[in-house]
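Just so you know, these numbers come straight off a predicted model, no measurement behind them. Worth knowing before you read on, the calculation uses all heavy atoms, side chains too, and leaves out hydrogens, waters and symmetry mates. In the text below, chain A, chain B and the rest are named by the order of the sequence lines, each starting its count at 1.
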Amino acid sequence: MSLAAYALVDCNNFYCSCERVFRPDLIGKPIVVLSNNDGCIISRSNEAKKLGVQMAAPYFKQKRFLERNKVAVFSSNYPLYGDLSERVMNTLRAFCSDMEIYSIDEAFLRLDGFSTYNLTAYGQHIRNTVYKWTGIPVSIGIAPTKTLAKIASHICKKNPNSSGVYNMNDQWGNSSQINAMLEKVPVNEIWGIGRKSSAKLFNYGITTARQLRDRDNAWLQKMLTVTGLYTALELRGIPSIALDDAPPARRSIRSSRSFGQPVTEKRDAQEAAVAYMVRAAEKLRREGLLATTLSVFIKTSEHRPGDQHAEYCTHTLEKPTDYTPLLVHHASEMLCKIFRNGHQYQKVGVLLSGLESKHNQQGSLLELTSPATQQQIEAEARLMCVTDAINKKFGRGTVQYAGEGLGQPWKMKQKNLSPRYTTKWGELREIF
DNA sequence: TCTGGGGTCCTAGGACCC
DNA sequence: TCTGGGGTCCTAGGACCC
């Protein structure tokens with residue numbers, strides 16, 4: 001049987017690369033992109049990495065250092081990144097339709113049908129085309145399983161001589177070469193092995209991918225559950241994590257943000273809960289879903305040990321809905337239940353779950369809808385449809401719920417936001 | 001002063017049923 | 001008084017991912 005072949009295509013420093021597409025003057029210069037609320041550093045160009053800027057470092061601690069080293073700083077601009085991501089994925093699809101979009105900046109391709117090709121050369125061709133068509137540089141790892149393809153792409157990024165593609169299948173027959181390669185991969189860098197599992201494994205003297213691969217199955221399952229066992233099987237070259245080419249239906253929708261400054265007033269927290277519920281409900285309708293279970297949570301900052309309160313409240317509806325006024329009503333009530341005076345809150349959020357498709361709803365045989373009720377349901381649907389259309393056309397917040405508040409003192413910070421070059425004409429001219 | 005947001009999967013344990 | 005055994009479903013919590 002011929003060897004399976006998975007490719008992982010991974011965009012290099014994706015958010016930084018997106019910013020550079022429209023600011024070519026920054027090519028070769030250090031840049032970083034911040035998380036929401038300008039909280040942490042979540043993307044670094046190679047030049048910034050070389051300066052020693054750490055991933056997930058709090059911005060306020062690095063600010064002076066970044067200024068001194070003339071590092072360009074951007075707030076995250078998700079409309080821009082989402083749009084460029086779509087262009088990259090569309091380009092990849094032209095090369096291989098058997099594809100799983102794994103995240104905003106990564107995709108797996110299944111290349112089994114390409115066994116007559118030189119896969120390394122094919123990878124090069126894909127890489128060059130993506131760069132030419134979108135301006136985004138990518139690294140490509142090719143291997144017999146998804147987990148190994150992840151490792152291959154890491155190796156490729158770390159090695160400047162790799163020319164952007166690393167094909168593990170080429171050396172698969174040479175077990176001493178493969179062993180030597182897996183020996184150099186720290187166990188905590190394996191896909192699926194996080195901080196807790198690494199610490200556990202470390203206690204048993206397991207520090208490399210090779211050592212993990214060579215433990216017996218029963219032990220692996222006991223220590224790391226079946227997911228850990230699958231990871232080890234994949235390291236042996238046995239495909240155990242399937243390609244998800246048609247992602248399963250979504251199970252939950254979440255909307256939450258940190259506040260721009262600590263919130264102590266119930267009214268402010270309530271406005272935020274309402275505003276996030278409005279956004280979650282928009283997403284619900286956009287995807288043709290209805291929700292049955294609503295949750296609201298609130299928490300103080302983990303970095304203030306003297307002031308801790310976190311609480312979570314859930315409400316289950318009798319009938320699934322996508323009607324914002326109803327969802328907002330419950331969000332507001334739940335927030336009141338869990339809010340306590342005297343705390344400095346850092347974040348609230350809402351979660352919608354128990355999702356089902358609007359179009360194949362389970363109707364109850366016993367339920368008879370009167371014409372008046374039917375009319376009301378239709379009126380509500382029209383109202384949602386119209387507000388969504390207005391907000392889409394004229395921008396979010398054109399039609400707003402009173403409960404979202406006007407001043408919104410809790411709103412997040414975004415001081416270094418770049419223009420939405422690809423999705424707003426009005427902001428495109430800012431380049432020139 | 002200031003530390004992201006949005007997802008998924010697995011397991012254990014309780015509730016419930018026959 | 002003594003109160004089985006096995007199955008399913010749901011939920012909370014933990015761990016992981018980008």
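Counting heavy atoms from C-beta on, the side chains of Tyr78(A) and Tyr15(A) come closer than 4.5 Å.
At a threshold of 4.0 angstrom between heavy atoms, the contacts of Leu351(A) with the nucleic acid are absent. Nucleic acid contact class of Ser252(A) (heavy atoms, under 4.0 Å, all strands): sugar-phosphate only. In this structure, Ile253(A) reaches the sugar-phosphate backbone alone: every heavy-atom distance under 4.0 Å involves primed, P, OP1 or OP2 atoms, never a base. Lys200(A) comes within contact range of no nucleotide atom at all, as no heavy-atom separation falls under 4.0 Å. Residue Glu106(A) is in sugar-phosphate contact alone, with no base atom involved, counting any heavy-atom pair closer than 4.0 Å across all strands shown. The residue Ile104(A) sits apart from the nucleic acid: no heavy atom pair falls under 4.0 Å.
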Next item on the list: Determine, stepwise, if the pair Phe259(A) / Tyr345(A) fulfils ring pair (Phe, Tyr, Trp, His ring centres under 6.0 Å).
Entry: CA-CA 8 Å; Phe259(A) 299 126; Tyr345(A) 288 105; 8.0 Å; no

Margin query: Let's go through Glu67(A) and Lys70(A) carefully: what are the C-alpha distance in whole Å and the side-chain angles of both, what is the deciding distance for salt bridge (Lys or Arg N to Asp or Glu O under 4.0 Å) to 0.1 Å, and is it a yes or a no?
Written below: CA-CA 5 Å; Glu67(A) 281 165 7; Lys70(A) 300 201 166 52; over 6 Å; no

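Atom C1' of nucleotide dG7(B) and atom CG of Leu352(A) are separated by 14 Å, given to the nearest angstrom. In this structure, Arg195(A) places its CZ atom 13 Å from P of dG14(C), rounding to the nearest Å. If you measure from atom NE2 of His154(A) to atom P of dC18(C), you get 7 Å, rounded to the nearest angstrom. Per the geometry, CG belonging to Asp244(A) stands 16 Å off P belonging to dG7(B), to the nearest Å. Distance Leu229(A) CG to dT11(B) P: 11 Å, rounded to the nearest Å. Atom CD in Glu189(A) sits roughly 15 Å away from atom C1' in dC17(C) (whole-Å rounding). Taking atom CZ of Arg251(A) as the reference point, atom P of dC9(B) lies 6 Å away to the nearest angstrom. Atoms CG (Leu224(A)) and C1' (dC16(C)) sit 12 Å apart, rounded to a whole Å.
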Using a cutoff of under 3.5 Å, can you pull out all pairs of nitrogen or oxygen atoms linking the protein to nucleotides 1-5 of chain B, with atom names and distances?
from, atom 1, to, atom 2, distance (Å)
dG4(B), OP1, Gln346(A), NE2, 3.4
dG4(B), O4', Ser35(A), OG, 2.8
dG5(B), OP1, Ser258(A), N, 2.3
dG5(B), OP2, Ser258(A), N, 3.4
dG5(B), OP2, Ser258(A), OG, 2.9
dG5(B), OP2, Lys347(A), NZ, 2.8
dG5(B), O3', Ser256(A), O, 3.3
dG5(B), O3', Arg257(A), NH1, 3.2

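Across Asn12(A) and Val138(A), no two heavy atoms sit closer than the pair OD1-C, 3.7 Å. Across every non-hydrogen atom of Leu327(A) and Asp322(A), the tightest pair is CD1-C, 4.1 Å.
A salt bridge is absent between Lys150(A) and Glu189(A): the closest approach of a Lys/Arg side-chain nitrogen to an acidic carboxylate oxygen does not fall below 4.0 angstrom. Asp388(A) and Lys392(A) are not joined by a salt bridge, as no carboxylate oxygen comes within less than 4.0 angstrom of a charged side-chain nitrogen.
In DNA chain C, consecutive stretches of 3 or more Watson-Crick or G-U wobble pairs with both distances under 3.5 Å are given as paired ranges: B:5-18 with C:5-18.
Note that Lys146(A) lies outside the cation-pi zone of Tyr6(A), set by a 6.0 Å cut-off to the ring centre and a 45° limit from the axis.
For Arg250(A), the listed nucleotide lying nearest its side chain is dT8(B); candidates were dT8(B), dT11(B), dC18(C).
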Under 3.5 Å, which donor-acceptor pairs do the side chains of residues 267-282 of chain A form with other protein atoms, sequence neighbours left out?
from, atom 1, to, atom 2, distance (Å)
Gln270(A), NE2, Ser332(A), OG, 2.8
Glu271(A), OE1, Trp410(A), NE1, 3.0

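A donor and an acceptor atom, one from each side chain of Ser198(A) and Asn188(A), are nowhere located under 3.5 Å apart.
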